[in-house]
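No experiment lies behind these values; they were computed from the predicted model shown.
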Number of protein chains: 2
Amino acid sequence: MSEPPKHCVATDAAVFSVVNGTLKILLIKRKYDPFKGMFALPGGFLEDTDKSLNECVKRELYEETGVDNIFLKMLHAYGDVGRDPRGRVVTVAYLAVINSSDVELNKTKVSENAEWVDVSSVKALAFDHSTILAEALDELRHEIMDSTIVFQLLKKRFTLTEMQKSYEVILGKPLDKRNFRKWIKQHDILFATDQTKMEGVHRPARLYEFKDKRYKRF
Amino acid sequence: MSEPPKHCVATDAAVFSVVNGTLKILLIKRKYDPFKGMFALPGGFLEDTDKSLNECVKRELYEETGVDNIFLKMLHAYGDVGRDPRGRVVTVAYLAVINSSDVELNKTKVSENAEWVDVSSVKALAFDHSTILAEALDELRHEIMDSTIVFQLLKKRFTLTEMQKSYEVILGKPLDKRNFRKWIKQHDILFATDQTKMEGVHRPARLYEFKDKRYKRF
DNA sequence: CCAAAAGTGTTTCCGATACACCCATGA
DNA sequence: TCATGGGTGTATCGGAAACACTTTTGG
């Protein structure tokens, strides 16, 4: 057996957020060929200094968008010949959701091409990133029902209505208020603070926090 | 930005079967260092001639064990530094199940070290393959309830009791006969042939076939 | 007629869904 | 007192689980 062949390895992140009641995906406008001018998922090559794939995707995300300290769930690897015109690249896709107000895009030179784009208006993406995005969105809809990943999307304190809205935007359908509250309560992941949020001319809403902000599957 | 670094990429397969009523995993006894003499999952490096990761894992599996024409589901990628003492290797793990009687192990020089090993008696494996095996088994238990992957495990014709036994061995717990039959019938994936299987001194069992042997999620 | 596995329905339970009214606030 | 969103409970439905007896065969 000869020396094993070597290949480029990369990570890509599908990072979702809810902004103004719509589901957004964090994309980078490419400055160089291939696919110059098109949108792509943030990501990049695995470096020797990355101790793990997880570290790689976090580093790339930070460098390209300023997003830091975020939970990323691995989704799938893509390694078909021809998926990158420059040569073979095996990429590992990750999923994340964040609260967009925790992030200031365009604050560095490198991240100046990062944008929140409406998922519903995303057209063709660079490479096979349209496929990755579609699969990530599908996975997100499962994850949100099945894990505590929604933690990432909300601020430290939030009302149950805000939480429900996040679910509705991600799932793309309305939920029943009473059933949603019963469901979320039975998971026992929240506690009610003694504070309320007053906004507008109506009864103030109780503010909640997560008991444990770590990712956990139900 | 400099040239992207290159890395070894590999695939590994966790191939399960049920033999004599016990759950088995297909392992290779390593002939060379590192981990010489230890068991490992079958797998190997991605070659330039492999047009996809899927093709790579199928090729490796065929070369090392003679197993051919099998459905493999991608599970997860592992890329931590140090998981292979020879240098960094990013590996992509796959899951499969097969009917062990469709395969003749040890029929070639290269595959002479392949063995079916009781999952319950597997000790330490080479590399991080113990982790991969554990995660694969977990995934298998979900897959079997959620997809038609059990197709791979059974012969062309089989009785419902044989099918149920496969589920029981994989899940590691007994199932209720009537509930199992109701459940499997409601998925509408089988048809009853007009033949029966006579074996022993008791009522013959009807033989069934799959309507469609392709992998499908429920 | 006996042993052994095949085959078959009904009841119960629990989680998911549907659904409508009162409450607290500021203007 | 009104407009606005916050907050709450019950009845129904449907799928999952529990559960036991009859049938067919060869010896």
Ring centres under 6.0 angstrom apart (B:Trp116, B:Phe16): no
Rounded distance in Å - CD (A:Gln164) to P (D:dG6): 9 Å
Among C:dA18, D:dG7, D:dA17, the one nearest A:Asn179 by side-chain distance: C:dA18
Distance in angstrom units between B:Trp183 CH2 and C:dG9 C1', rounded: 20 Å
Nucleotide nearest A:Gln186 when distance is taken to its side chain, options D:dG9, C:dA16, D:dT24: C:dA16
Touch class at under 4.0 angstrom, heavy-atom based, for B:Lys197 against every strand present: nothing
Nucleotide nearest B:Val201 (side chain, heavy atoms from C-beta), chosen from C:dG9, C:dA18, D:dT25: D:dT25
Touch class at under 4.0 angstrom, heavy-atom based, for B:Arg206 against every strand present: sugar-phosphate
A:Ile184 CD1 to D:dG7 P, straight-line distance once rounded to whole Å: 15 Å
Rounded distance (Å) that lies between atom P of C:dG15 and atom CZ of A:Phe180: 18 Å
Side chain of B:His202 - closest among D:dA17, C:dA6, D:dG5: C:dA6
Nearest-angstrom distance from the residue atom NZ of B:Lys182 to C1' of D:dG15: 10 Å
Ring geometry between A:Phe218 and A:His187 (parallel below 30°, tilted from 30 to 60°, perpendicular above 60°): parallel
Residue met sooner reading DNA chain D from 5', once A:Tyr208 and B:Lys177 are mapped to nucleotides: A:Tyr208
Pairing of B:Arg217 and B:Asp146 as salt bridge, 4.0 angstrom limit: yes
Short side-chain N/O contact to D:dC19 OP1/OP2 from B:Arg178, under 4.0 Å: no
Atom pair distance, as rounded to whole Å: CZ in A:Arg181 and P in D:dG6: 7 Å
d(CG, A:Leu175; P, C:dA18) in whole Å: 11 Å
5′-ward residue of the pair A:Pro204/A:Asp176 relative to DNA chain C: A:Asp176
C:dA6 OP1/OP2 closer than 4.0 Å to side-chain N/O of B:Thr161: yes
Interatomic distance, A:Leu207 CG vs C:dA24 P [rounded to whole Å]: 17 Å
Nearest-neighbour nucleotide for the B:Arg203 side chain, C:dA3, D:dT23, C:dA24 considered: D:dT23
Aromatic centroids of B:Tyr167 and B:Phe180 separated by under 6.0 Å: yes
NZ/NE/NH1/NH2 to OD/OE distance under 4.0 Å, B:Asp50 and B:Arg59: yes
